[in-house]
Amino acid sequence: MSAFPQFSLDPEQAARRDRLRDLAETRLRPLAEKGEPGRVNRPLVEALGELGLLDGLFTAGALDLCLTRESLARGCTEAETAYALQGLGAYPVHAHGPAALRERWLPAAREGRAVAAFALSEPGAGSDAAALALRAEPEPGQAGTWRLTGEKSWISNAPEADFYTVFARTTPDAGARGVTAFLVPADRPGLTGTPLAMLSPHPIGTLAFDGVRVSTDDLLGEVDRGFGVAMATLNRFRPSVGAFAVGMAQAALDATLAHTAERDAFGGKLKDLQAVSHQVAEMATRTEAARLLVYAAAAAHDREEQGIAGRAAMAKLFATETAQYVVDTAVQLHGARALQHGHLLEHLYREVRAPRIYEGASEVQRAVIAKQLYATAPSPKETA
Ligand code: COS
């Protein structure tokens with residue numbers, strides 16, 4: 001339980017948050033610890049399904065999604081990541097897929113039997129997503145059929161996922177207006193991949209497409225409208241990346257409160273040193289501010305208010321940057337023990353860095369915020 005009330009959580013939501021955190025610690029963390037870092041942990045994904053945690057992944061409101069991600073992150077970051085990746089990979093199928101694809105993949109994804117992935121980034125197109133170059137070329141003489149050729153990189157759950165939401169270029173030189181989303185099952189001939197060893201322990205890899213055949217049956221949305229599919233998916237999940245960050249910050253704060261209250265130094269407890277207690281107060285204040293921004297953006301999303309993209313960007317930006325600060329300060333206040341392999345803070349220190357980059361780097365979030373500010377700024381006449 002946080003020392004301060006949560007933004008707009010009613011008693012039922014607060015009870016759910018506590019129950020989820022407890023499940024994460026008692027049921028999911030033991031499974032996460034048995035997994036291999038950097039590889040898909042299928043027993044963990046299956047457990048998320050068996051516990052019913054994936055049920056609301058495509059239908060839950062943004063606030064609910066944030067509550068789940070924050071609670072899971074506080075108890076087990078690997079479970080949180082596995083949960084979020086199922087959402088990111090399968091949400092485009094839920095929101096834009098035809099009935100046949102929805103029936104084939106969504107029950108399996110919800111039950112944790114099929115692992116999903118969202119394949120947008122490429123070696124030459126990260127933040128500038130509209131520059132993606134993976135080619136979807138029409139198959140001569142076969143209307144409604146394309147061959148995919150090219151590469152995707154830093155794709156979470158690749159190459160072990162069972163199906164991929166893949167964004168490919170159907171119209172050359174058309175930027176964001178020439179991208180199409182396809183569902184590509186992992187066993188399509190011509191699709192291969194390689195795991196990447198990264199700083200954080202979550203599964204991630206590259207995908208190589210060597211003339212992979214796709215057809216209109218695999219379309220998620222309309223031809224050349226895939227950039228919108230990608231953006232809508234990111235809009236849905238961005239505030240909840242902030243919730244993941246808040247959960248990590250809270251876990252680091254919890255550990256710091258426990259440690260500084262117990263640890264003897266200079267004839268008292270660490271917390272008796274003002275240099276320590278003021279830092280803890282700062283960590284708590286910034287974490288709470290991040291939480292408020294995240295939940296406010298999510299609630300605005302659920303009320304379908306204007307300006308969601310900018311608010312989601314603010315929440316993601318502020319929460320991920322705050323979590324980095326909080327985890328780093330927690331490491332400092334714990335001293336050398338926090339650097340030891342296997343310590344919670346050593347784990348969080350490796351986990352906390354990536355969310356400042358993925359699903360839109362901090363710089364992209366600032367660009368989104370600024371664009372919206374200028375688009376809605378009052379004209380000089382109005383301010384005169
Ligand atoms: N929501 C809905 N639509 C959006 C959108 C958003 N957040 N951002 C852009 N769009 C739409 C625009 O409305 C525009 O539509 P039209 O073509 O119909 O006019 C189209 O997308 C192109 O918009 P814009 O010209 O602003 O796109 P840019 O190429 O400048 O790129 C950013 C916009 C930088 C915001 C985008 O490329 C992005 O989000 N990059 C980060 C990608 C990312 O998160 N990667 C991580 C992958 S997941 S780990």
Side-chain angles (χ1 to χ4, degrees), residues 62 69 80-92 95-96 116-134 151-158 161 164-171 173-181 196 198-200 202-207 220-242 244-245 297 300-301 304-317 320 351 353-376:
R69 291 189 70 174
E80 191 287 334
T81 303
Y83 170 85
L85 295 180
Q86 284 296 90
L88 205 56
Y91 181 75
H96 305 277
F118 181 82
L120 177 66
S121 301
E122 297 182 3
S127 288
D128 187 5
L132 67 85
L134 182 92
E151 212 183 321
K152 292 285 177 188
S153 196
W154 311 294
I155 305 306
S156 297
N157 279 345
Y164 298 90
T165 291
V166 176
F167 297 90
R169 177 151 305 286
T170 27
T171 304
D173 305 321
R177 295 187 174 182
V179 172
T180 302
L196 292 169
M198 309 286 278
L199 175 68
S200 56
H202 95 250
I204 193 159
T206 61
L207 292 174
L220 300 176
E222 292 170 38
V223 174
D224 284 345
R225 303 297 291 269
F227 197 72
V229 173
M231 289 299 121
T233 308
L234 293 172
N235 282 350
R236 175 171 168 76
F237 287 96
R238 265 177 194 156
S240 63
V241 179
F244 170 40
H301 181 281
E304 296 182 11
E305 284 179 15
Q306 294 291 307
I308 304 300
R311 294 186 74 172
M314 283 183 185
K316 199 250 176 197
L317 168 68
T320 55
E351 284 272 28
R353 189 63 184 84
R356 288 171 59 210
I357 296 175
Y358 66 53
E359 288 185 52
S362 291
E363 292 70 17
V364 166
Q365 308 309 332
R366 290 191 184 96
V368 170
I369 296 162
K371 190 171 174 184
Q372 191 164 311
L373 284 174
Y374 286 111
T376 55

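Indexing begins at 1, ligand by ligand and atom by atom, following the structure's order. Quick note: numbers below take in every heavy atom, side chains included, and nothing from hydrogens, waters or symmetry partners.
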Which atom pairs, nitrogen or oxygen on both sides, join ligand 1 and the protein at under 3.5 angstrom?
{"unit_1": "ligand 1", "atom_1": "1 (N)", "unit_2": "N235", "atom_2": "ND2", "d": "2.9"}
{"unit_1": "ligand 1", "atom_1": "7 (N)", "unit_2": "N235", "atom_2": "OD1", "d": "3.0"}
{"unit_1": "ligand 1", "atom_1": "17 (O)", "unit_2": "R177", "atom_2": "NE", "d": "2.7"}
{"unit_1": "ligand 1", "atom_1": "17 (O)", "unit_2": "R177", "atom_2": "NH2", "d": "3.2"}
{"unit_1": "ligand 1", "atom_1": "19 (O)", "unit_2": "R177", "atom_2": "NH2", "d": "2.8"}
{"unit_1": "ligand 1", "atom_1": "26 (O)", "unit_2": "K371", "atom_2": "NZ", "d": "2.5"}
{"unit_1": "ligand 1", "atom_1": "37 (O)", "unit_2": "S127", "atom_2": "O", "d": "3.3"}
{"unit_1": "ligand 1", "atom_1": "39 (O)", "unit_2": "R238", "atom_2": "NH2", "d": "3.1"}
{"unit_1": "ligand 1", "atom_1": "40 (N)", "unit_2": "S127", "atom_2": "O", "d": "2.8"}
{"unit_1": "ligand 1", "atom_1": "44 (O)", "unit_2": "R238", "atom_2": "NH2", "d": "3.2"}
{"unit_1": "ligand 1", "atom_1": "44 (O)", "unit_2": "G360", "atom_2": "N", "d": "2.9"}

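Panel note: side chain N157, backbone A116; a donor-acceptor pair is recorded below 3.5 Å. Of the possible polar contacts, none joining the K316 side chain to the F237 backbone as a donor-acceptor pair under 3.5 Å is found. Between the Q365 side chain and the M314 main chain, no donor and acceptor come within less than 3.5 Å of each other. Here the side chain of E122 pairs a donor or acceptor atom with the backbone of L134 at under 3.5 angstrom. Using modelled atom types, one side-chain atom of Q372 and one backbone atom of G307 make a donor-acceptor pair closer than 3.5 Å. Although no hydrogens or angles enter the test, the distance criterion places no donor-acceptor pair under 3.5 Å between the side chain of T165 and the main chain of F118.
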